[in-house]
Amino acid sequence: MSVRGIDILRDPSLTHSTAYTPQDRERLGLRGLLPYGYNDLSQQEERVLQNMRRKENDIEKYIFLSALQDRNETLYYHTALNNIEEVMPLIYTPTVGQACREFAQIFRRPKGFYITPSDRSQIAQILDNWPEKNVRVVVVTDGQRILGLGDLGANGMGIPIGKLALYTICAGIHPKYCLPVMFDVGTNNEELRADPLYLGYPEERLGGDTYLELMDEFVAAIREKYGNALIQFEDFLTPNAYKLLNRYRDEVLCFNDDVQGTAAVALAGVMAGAKAADVPFRDLRIMFLGAGSAATGIGDLMARALESEGLSQDEALSRLWFVDINGLVVDGRDDLQPHNMPYAHKEEQLGFLAAIRRIKPQVLIGATGAPGTFTKDVVQLMAEQNERPIIFALSNPTSRAECTAQQAYEWSQGRALFASGSPFEPVMLNDTIYKPGQGNNAYVFPGIGLGALAGKLTLLPEELFLTAAKTLADCVSEEDLRFGSLYPPLTEIRNVSRKIAANVARAGFEMGVSSLSALSDGQLEAQLDSETYVPIYD
Ligand code: NAD
C-alpha cells in the first residue's frame with residue numbers, strides 16, 4: 001500500500017487510528033503521530049459510544065456520528081452495525097428530520113453531490129469531480145417532500161446520505177460504491193429562501209419539462225459514467241415520484257423507495273399481522289388513511305399480493321380502500337389523481353369513522369403526515385370490530401405519527417397489532433410488555449440493492465418487491481409475534497438483507513432481468529459474500 005504517514009491517518013477509508021500495532025506504526029511511518037497506547041476496534045467502539053452518550057441531545061449525537069463517518073469509516077460502520085437499535089434512529093429517522101431542517105446551521109463538511117439548474121448540459125462532466133469511479137448505488141432526492149416535513153430544498157441532502165449509510169450498515173454495500181445526490185432545483189419554501197444561511201439554489205423550483213429534461217440528463221449521465229448503477233428515488237413530491245418512476249422503470253435499474261420500498265415493508269408487516277391475528281391474508285380488507293405515494297404504493301403491491309393468492313384483479317382492488325383529506329376515495333370525486341383511480345369504488349362519500357364502520361377493515365394503515373389522526377374513537381372502533389386489529393401509523397418522523405404505540409395499545413386494551421414508521425419504545429400495559437415493530441424501509445431497500453448488484457440485475461420489476469416482502473414476512477419468528485412485533489429485530493438486519501438479496505436475485509434471473517443468465521445457489525452465495533463489506537480493519 002502506497003499511502004502512509006499522516007496521509008493514511010487522515011484518510012477516512014483507510015485509517016485504523018489508534019489501532020495500529022507498533023509494527024504497523026514502524027512500517028507506515030506513523031511513529032510519533034499517535035499516542036503510545038494501542039486500542040483495538042472494540043475498544044475504539046466503546047470510546048465512541050461513551051462520547052456519543054455524553055451528548056445532550058439527538059442532534060448533537062447525529063453531528064458527532066457524522067463527523068466520525070468523515071474521520072474513520074470502518075469505526076463508524078462497525079459501531080453502527082453493532083449498536084444498530086441505538087444508532088439507527090440517530091443517523092436516520094427520526095433524527096435525520098431535524099438534521100435536514102437544520103442542515104444549513106449544522107453544516108460542517110460537504111458530503112455527497114449537488115446538481116442544480118446551473119449545471120445543465122454539464123452533469124456528466126461535473127460527475128468527474130466525484131472521487132470514486134465505480135459508483136454502483138445512487139440515492140437522489142429533490143428535497144420537495146422530506147419525510148413528512150414538506151419542501152426542505154437542498155436541506156434534504158441528509159436523506160440520501162442517511163439512506164446510503166443504511167445500505168452499508170444493513171446490507172454491507174461498500175461505502176465507496178455509494179453516491180448521495182441532491183437534485184437541487186430550488187425550493188418553494190420561502191422561509192428557507194429568505195434564510196441568509198440557506199445553502200441551496202435560492203430560486204423557486206424548476207417545474208414542467210425543464211425539470212424532466214434536467215432529470216433525463218442526470219439519469220443519462222449516471223448511466224454513461226457508471227453503467228448499470230442502481231438509482232433510488234427518495235422523498236419526491238407524489239406526482240413527481242410517479243412521473244419519474246413511470247418514466248424510467250422500464251429502461252433503467254431504479255425504484256422509488258417511498259412508493260415501492262414502503263410498500264414492500266408494509267406488506268410484509270401486514271402478512272405477519274394476518275398470521276398473528278389468525279386471519280388468512282387473502283381475506284383481509286385494508287383501509288388507508290392518506291392516498292399519496294406511500295399509501296398508494298402499498299395498495300398497488302397489496303393488490304398484487306392478493307392476486308398472487310388467487311383473487312382476480314377486481315376482487316383484489318375491492319379489498320383496498322382509501323380515505324384522504326377529503327374523505328373516502330370513491331367513484332365520482334373530481335379531485336382524484338390518476339394513481340387513486342383504481343381504488344375509487346362505488347360507495348357513498350363517507351368520513352373516516354363512518355367508512356371504518358361500513359367497510360369493516362381488519363387493517364388500518366396511516367400514511368398522511370398528519371399526527372393524531374388515529375384518534376381514540378378510531379382505534380376503539382377498530383378494536384370493537386376486530387379481535388386483533390392491525391394498525392400501522394407510518395408517518396415520519398415520530399412527531400407526525402397518526403397515533404403513538406402507547407395509544408394504540410391502551411385504546412385497544414392491548415389487542416392492537418401495531419407498527420410505526422419511526423421507532424417507539426416498548427410499552428408496558430397491565431403487566432404485559434409490547435414491542436412495537438418499526439415498518440422501516442431499511443428492512444427492504446438495502447437487501448434489494450444487494451440483490452440487484454450481486455445478481456447483475458438490469459431492471460427492478462414490481463414482482464421483485466413482492467418477493468422482498470414475502471421474504472421479510474418469513475423472517476418474523478413466533479417469538480417476535482408473541483411480543484406483538486411484526487418485524488424481526490433490527491439486530492437481525494444483515495441476515496434479513498442477505499435473504500432478501502438472494503431471493504430478489506433469483507427472481508430476477510427467472511424473470512430475465514439480469515445480464516447474467518443465472519447463477520447456481522452456490523455461485524450466488526459466493527457473489528453475495530464478495531459484495532458484502534464487513535467493517536473491520538484489514
Ligand atoms: P403525500 O403528501 O403524497 O400524501 C399524503 C396523503 O395524506 C394525501 O392523500 C392527503 O390527502 C392525506 N392527508 C393529509 N392529511 C390528512 C388528514 N388529516 N386526514 C386524512 N388524510 C390526510 O405523502 P406521502 O409521500 O404519501 O407520505 C405520507 C407519509 O408517509 C409521510 O409522513 C411519510 O413520512 C410517510 N412514509 C412512511 C414510510 C415508512 O414508514 N416506511 C415510508 C414512506 C413514507
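Only a predicted model underlies this, so the values are computations on that prediction, with no experimental measurement involved. Atoms within a ligand are numbered from 1 in the order they appear, just like the ligands themselves. When a residue number appears, it is its place in the shown sequence, counting from 1.
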Report summary line: heavy-atom search around atom 12 (C) of ligand 1 in the protein gives Gly290 CA, 3.7 Å
Requested in this report: Tell me which protein heavy atom sits closest to atom 14 (C) of ligand 1, plus the residue, atom name and distance to 0.1 Å.
Outcome: Thr368 O, 3.6 Å
**Report entry** Min side-chain heavy-atom separation Ile286-Arg319 under 4.5 Å
**Finding:** no
**Report entry** Atom indices of ligand 1, in the order listed, that fall short of 4.0 Å to a heavy atom of Gly421
**Finding:** 40 (O)
Report summary line: Nearest non-hydrogen protein atom to atom 16 (C) of ligand 1, with distance, is Ile325 CD1, 3.5 Å
Query raised in the report: Which protein non-hydrogen atom lies closest to atom 36 (N) of ligand 1, naming both residue and atom, and how far is it?
Result: Leu394 O, 3.9 Å
Query raised in the report: Regarding Asp300 and Tyr343, is there a side-chain donor-to-acceptor distance under 3.5 Å anywhere?
Result: yes
Query raised in the report: Thr238 heavy atoms, cut-off 4.0 Å: which ligand 1 atoms fall inside?
Result: 1 (P), 3 (O), 25 (O)
Requested in this report: Look at atom 8 (C) of ligand 1 and say which protein heavy atom is nearest, naming residue and atom and giving the distance to 0.1 Å.
Outcome: Ala291 N, 3.8 Å
Query raised in the report: Is the closest N or O pair between Thr373 and ligand 1 shorter than 3.5 Å?
Result: no
Requested in this report: Salt-bridge test for Arg358 and Glu348: reply yes if a basic N is under 4.0 Å from a carboxylate O, no otherwise.
Outcome: yes
Requested in this report: Check whether any side-chain heavy atom of Phe255 sits under 4.5 Å from a side-chain heavy atom of Leu230, and report yes or no.
Outcome: yes
Query raised in the report: For ligand 1, does Asp324 get within less than 4.0 Å through its side chain, its backbone, both, or neither, judged by non-hydrogen atoms?
Result: both
Query - Heavy-atom nearest neighbour in the protein, as seen from atom 44 (C) of ligand 1, with distance rounded to 0.1 Å - result: Ala294 CB, 3.7 Å
Query raised in the report: Between Asn396 and ligand 1, is there a nitrogen or oxygen pair with a distance under 3.5 Å?
Result: yes
Report task. Specify the protein heavy atom at minimum distance from atom 23 (O) of ligand 1: its residue, its atom name, and the distance to 0.1 Å. Result -> Arg145 CD, 3.9 Å
Query - Heavy-atom gap Arg400 to ligand 1 smaller than 4.0 Å - result: no
Query raised in the report: Under 3.5 Å, is there a donor-acceptor pair linking the side chains of Asn441 and Thr262?
Result: yes
Query raised in the report: For ligand 1, is there an N or O atom under 3.5 Å from any N or O atom of Val265?
Result: no
Report task. Find all atoms of ligand 1 within a distance of less than 4.0 Å from any non-hydrogen atom belonging to Gly369, and give their numbers and elements. Result -> 29 (C), 32 (O)
Query raised in the report: Which residue and non-hydrogen atom of the protein lie closest to atom 29 (C) of ligand 1, and at what distance in Å?
Result: Ser395 OG, 3.6 Å
Report task. Using a 4.0 Å heavy-atom threshold (strictly under), name the region of Leu289 that reaches ligand 1: side chain, backbone, both or neither. Result -> side chain
**Report entry** Glu251 atom CD, neighbour heavy-atom count above 12 within 6.0 Å
**Finding:** no
Query raised in the report: Is it true that Arg205 and Asp142 make a salt bridge, defined as a side-chain N closer than 4.0 Å to a carboxylate O?
Result: yes
Query raised in the report: At what distance, to the nearest 0.5 angstrom, does CG of Leu166 lie from OG1 of Thr93?
Result: 10.5 Å
Report task. Applying ring pair (Phe, Tyr, Trp, His ring centres under 6.0 Å) between Phe183 and each of Phe233, Phe113, Tyr211, report the one that passes. Result -> Tyr211
Query raised in the report: Which bit of Ala370 is near ligand 1, meaning a heavy atom under 4.0 Å away: side chain, backbone, both or neither?
Result: side chain
Query - Whether Ser412 side chain and Ala408 backbone form a donor-acceptor pair below 3.5 Å - result: yes
Report task. State plainly whether the residues Lys275 and Asp474 are in salt-bridge range, i.e. N to O under 4.0 Å. Result -> no
Report task. Output the distance between atom SG (Cys403) and atom NZ (Lys376), rounded to the nearest 0.5 Å. Result -> 13.0 Å
Query raised in the report: Who gets closest to atom 41 (N) of ligand 1 by heavy atom: Asn326, Asn441, Thr262?
Result: Asn441
Query - Polar atom proximity, Gly439 to ligand 1 (N or O, under 3.5 Å) - result: yes
Requested in this report: May I have the step-by-step check of salt bridge (Lys or Arg N to Asp or Glu O under 4.0 Å) for Glu203 and Arg193, ending in yes or no?
Outcome: CA-CA 7 Å; Glu203 302 290 335; Arg193 288 206 311 266; over 6 Å; no
Report task. Determine, counting only non-hydrogen atoms of the protein, whether one lies under 4.0 angstrom from atom 2 (O) of ligand 1. Result -> no
